[in-house]
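In what follows, a structure is listed as structure tokens, so that the remarks can point back to it.
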Amino acid sequence: MRVFISGPMTGYAGFNRAAFNNAERTLKSQGHVVLNPAVLTDGLTQAQYMDICLAMVRCADAIFMLPGWEVSAGARAEHALAEKLGHRILDQTWYEPIPAVYVNAGDVVRLDGQLYEVVETDCDS
């Protein structure tokens, strides 16, 4: 299965590449073809990255959502496209469908059993 990895990047140390690369290794070990946006070169605009990522989503059969994807406007867009295309939606529990969640600054979200207040979203910057 071709799997696109989606998750938050903006505002994370190293653009969260460690989480993306770890997911890639795990997915590849299970025999999947992995489309990992964390391998894209630096220096493009956010719009250019999104254009490439949405094309990658269209090439995939499934999308793997990294923890924290709910607070990333880009990851929410990738999730919405994958859902519209009928792709399988996967998360860290491996192959459990997860719904879209939309959050705003000031909302409280639960991630990995912990409660967090959303300070800023991609839409706020």
Side-chain angles (χ1 to χ4, degrees):
M1 180 165 47
R2 292 178 304 272
V3 182
F4 175 79
I5 302 169
S6 179
M9 296 182 103
T10 303
Y12 281 71
F15 295 102
N16 206 18
R17 285 186 173 108
F20 280 80
N21 293 333
N22 185 49
E24 178 180 9
R25 280 189 297 279
T26 301
L27 290 163
K28 280 185 173 181
S29 75
Q30 296 174 351
H32 301 294
V33 173
V34 179
L35 301 165
N36 181 358
V39 301
L40 296 173
T41 188
D42 292 335
L44 300 176
T45 66
Q46 193 164 19
Q48 290 168 327
Y49 285 119
M50 281 308 304
D51 189 39
I52 294 166
C53 288
L54 294 177
M56 293 169 84
V57 171
R58 288 190 299 273
C59 293
D61 305 303
I63 185 170
F64 177 79
M65 307 306 299
L66 290 172
W69 72 271
E70 302 92 340
V71 296
S72 166
R76 289 193 315 267
E78 293 159 356
H79 181 277
L81 176 59
E83 196 171 54
K84 184 72 174 174
L85 295 173
H87 290 356
R88 232 171 139 181
I89 310 292
L90 315 170
D91 72 358
Q92 69 273 8
T93 61
W94 304 106
Y95 311 111
E96 296 272 333
I98 54 177
V101 176
Y102 300 95
V103 298
N104 297 301
D107 289 350
V108 176
V109 296
R110 181 181 301 273
L111 296 173
D112 298 327
Q114 299 289 325
L115 292 177
Y116 297 92
E117 181 178 355
V118 178
V119 177
E120 180 179 11
T121 67
D122 288 359
C123 296
D124 297 324
S125 20

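This chain uses plain numbering: 1 for the first residue, then up along the sequence.
Atoms CH2 and CZ, from Trp69 and Phe64 in turn, are 12.5 Å apart once rounded to the nearest 0.5 Å. Atom CE of Met65 is separated from atom CD of Glu78 by 7.0 Å, given to the nearest 0.5 angstrom. The CG atom of Leu44 lies 5.0 Å from the CD1 atom of Ile52; values are rounded to the nearest 0.5 Å. For the atom pair CG of Asp91 and CD1 of Ile63, the computed distance is 11.5 Å after rounding to the nearest 0.5 Å. Separating the CD1 atom in Ile5 from the CE atom in Met56 is a distance of 8.5 Å, to the nearest 0.5 Å. Taking CG of Leu90 as the start and CE of Met1 as the end, the distance is 5.5 Å to the nearest 0.5 Å.
Contact check for Phe4 versus Pro37: side-chain heavy atoms found under the 4.5 Å cut-off.
For the pair Ala23 and Leu66, the tightest heavy-atom approach, listed with the atom from each and the gap, is CB-CD2, 4.0 Å. Contact between Ser72 and Gly7 at its shortest, heavy atoms only, is OG-O, 4.2 Å. Contact detail for Glu24 and Val34: the closest heavy-atom pair is CG-CG1, 3.7 Å. The minimum heavy-atom distance linking Asp42 with Tyr49 is given by the pair CA-OH, 3.2 Å. For the pair Asn16 and Met9, the tightest heavy-atom approach, listed with the atom from each and the gap, is CB-CA, 4.3 Å.
Remark: the backbone N or O of Cys59 is paired with a side-chain donor or acceptor of Arg2 at under 3.5 angstrom.
More than 12 heavy atoms of other residues, nucleotides or ligands sit less than 6.0 Å from atom OH of Tyr12.
Applying the side chain to side chain contact (heavy atoms under 4.5 Å, CB included) test to Arg58 and every residue at least two apart in sequence or in another chain returns Leu54, Ala55, Leu81, Leu85.
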